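Lettering of chains follows the sequences in order, A, B, ..., and the numbering in each one begins at 1. The shown structure was predicted, so the numbers you read here are calculated from the model rather than taken from an experiment.
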Protein chains: 2
Amino acid sequence: MGAVPPAFAFATSAIDGRARTGLITTAHGQIRTPAFMPVGTAATVKAMYPAQVKQLGADVVLGNTYHLMLRPGAERVARLGGLHQFMNWPHPILTDSGGFQVMSLSKLRKITEKGVTFQSHIDGARYELTPERSIEIQGLLGADIQMQLDECVRMPCSREEADRAMQLSLRWAERSKAAFGALPGQGLFGIVQGADVPELRIESARKLIDIGFHGYAVGGLAVGEPQDVMLAMLDVVTPILPADRPRYLMGVGTPDDLVESVRRGVDMFDCVMPTRAGRHGLAYTRHGKVNLKNARHAEDTRPLDEASPCEASNAWSRAYLHHLVKSGEILGMMLLTWNNLAYYQELMAGMRAAIAAGRLDDFIAGTKDGWERGEAAA
Amino acid sequence: MGAVPPAFAFATSAIDGRARTGLITTAHGQIRTPAFMPVGTAATVKAMYPAQVKQLGADVVLGNTYHLMLRPGAERVARLGGLHQFMNWPHPILTDSGGFQVMSLSKLRKITEKGVTFQSHIDGARYELTPERSIEIQGLLGADIQMQLDECVRMPCSREEADRAMQLSLRWAERSKAAFGALPGQGLFGIVQGADVPELRIESARKLIDIGFHGYAVGGLAVGEPQDVMLAMLDVVTPILPADRPRYLMGVGTPDDLVESVRRGVDMFDCVMPTRAGRHGLAYTRHGKVNLKNARHAEDTRPLDEASPCEASNAWSRAYLHHLVKSGEILGMMLLTWNNLAYYQELMAGMRAAIAAGRLDDFIAGTKDGWERGEAAA
């Protein structure tokens, strides 16, 4: 304590095609990119001890502003010393703006120029979230990387609707930046919107760059659209984004989404997929997905991946995991979440090393071959 | 592998009043007594990694024959290498006979001289459990310590009913011993029954000793009777039981039950209390119980016990634990189960050291003082 935190910074160390590897510096430490951020919605990466999350190679976790503002409340977290201390995670934290969950979880929401009002999905209490309040909350939480409030529309939607939401998000971006009173080592990211309309995405990106942010996110692309739409939008957007700022694809995705997006120059990801799937009996491995609910695993003495250095992947049989999942045992969720986050982090580490070696395409091809061998080959 | 397992044995190393400390030797290692056995009902100590359980000082866990015979099935566990390998717990395991859970969980059960038939609470399938089948199942699981099938009556009950069940349990004890084809290092325990009738308890104990077992359990005393009834039965039974065999009080209990029973010469315990309470927001500490559901913990920055060497007890605030419990987060169950098992093991280690030092009564008095300080003093 007492030491001056480093300034928020991003430096790339290797480029391979459009992909790059680098390092984000924050007040709470550095983030190796490309990075996958495990989601710690309610101040916990579900079913994991924080030390385990770090040990797997995760440098940063994501906290959800929507959940935390409702329970336990941002002012309470601040009184308790901030989110890092509260959840016992002394490493970098990124918080979203709350906007996405307001759209997907809350009730009776109403969007105006000022912001959004909504009812809590927990107790029905009314809340207001404006760009300024979102930044205030993220400051109270103490997030190292904070996100502007945006409006994320569901696709398919009309061009007019996409344009309206994108323009509103741009005005909210300006207000977010004005409200952002960062402590040293904290950064604010703008969010590119525009649904599946290339011209809107380009306009959004250019105007955000004019406003100026520490990093740029691509939003609205984890809302059910086909992967080719997502990749087409990345092909449009990432070439415009400044090379010296991190690029964050929000809410994505499957392992295949990750490799294809890194190939297109994305530096950061978050997704509930590995943790949520782990709580529902699904394992991600080098050999593709394994559905542990399936009875054919009932007497399979093989671990998920005997070559994995992760204990969750190598020390228990599929038969045992099947038993735990069938029995609804908490340990089943613990082991599969652990395995899945280990696999996601291993994949990111593999991509970072491949980019540094200038052979990302080979790495991705080999990785996809592994997935295609499927469950039976594992 | 290949080494000859040691013979099942028990040796006491220190006596303090009626209490003793010692060592049970089994095929899978030694058990320091007095010992508390965490309950691993369905081949998992709920919400704990097995390595954590061992690290807390637990030398042995309990597996439930009833649950395991229904799912995944004893023959399946045997095909998968036995319970130790299945659950990744290479240390001693005690299995109960299945009788208690048949009485408390199953449907349409019918007791005859031969055994008990019942319907699974999971899928309604019909099963038969005889003394011979129970021993066969426990052998398939590979338990280091196996229990005779008994009939455990609920109190209050008539003397006639208590006598009938006790006599049946004695006949089942003989059949269990005849069926027990132990591998080296495995032991079989008889179970003293007789409800709250001293004469029946004495008769049960004497006849079991005549049959001859590796250890003696006291059953039927965790079924809702007041503590003074339990302790009165221990006062009657433990003086009769052979000093050179371990004594196991089944299904007990609270921390206070443990210290009062150790004082009366009990060597082994099992109970779901620390694990179940941990999943329901209740913490056991040196300063008594802490109900984390209570809103008064919402901004309490103190850990459960800052002086505890256990991370679950010292590294997270009560405010955070309250938040996790209120939010139904799995990590809350993980941390409170961990804390509770740590406290139970710390209590047992404290009693073993106190007996070795000849000052158990002082230790118990000091421990009770701590509990009486209560939540506020913590």
Top contributor to chain A interface from B:Glu329, B:Met87, B:Glu299, B:His322 [non-hydrogen pairs under 4.5 Å]: B:Glu299

Atom CD of B:Glu75: over 12 foreign heavy atoms under 6.0 Å: yes

Residue of the set A:His91, A:Gln30, A:Lys54 for which side chain to side chain donor-acceptor pair (under 3.5 Å) holds with A:Asp59: A:Lys54

Student check: side-chain heavy atoms of A:Lys326 and A:His323 closer than 4.5 Å: no

Residue part contacting chain B, namely of A:Ile122, when any heavy atom lies under 4.5 Å: neither

Any side-chain donor near an acceptor of the partner, B:Asn314 and B:Ser308, under 3.5 Å: no

Options B:Lys46, B:Arg76, B:Glu311, ranked by heavy-atom pairs under 4.5 Å with chain A, top entry: B:Arg76

Side chain, backbone, both or neither of A:Ala312 within contact of chain B (heavy atoms, under 4.5 Å): neither

Side chain / backbone / both / neither for A:Arg79 at chain B, heavy atoms under 4.5 Å: side chain

Chain A interface, residue from B:Ile330, B:Leu324, B:Thr301, B:Val77 that has the most non-hydrogen pairs under 4.5 Å: B:Ile330

Whether B:His121 and B:Tyr66 hold their rings parallel, tilted or perpendicular, with breakpoints at 30° and 60°: parallel

Top contributor to chain A interface from B:Ala51, B:Ala319, B:Gly332 [non-hydrogen pairs under 4.5 Å]: B:Ala319

A:Asp123 bridged to A:Arg71 by N-O distance under 4.0 Å: no

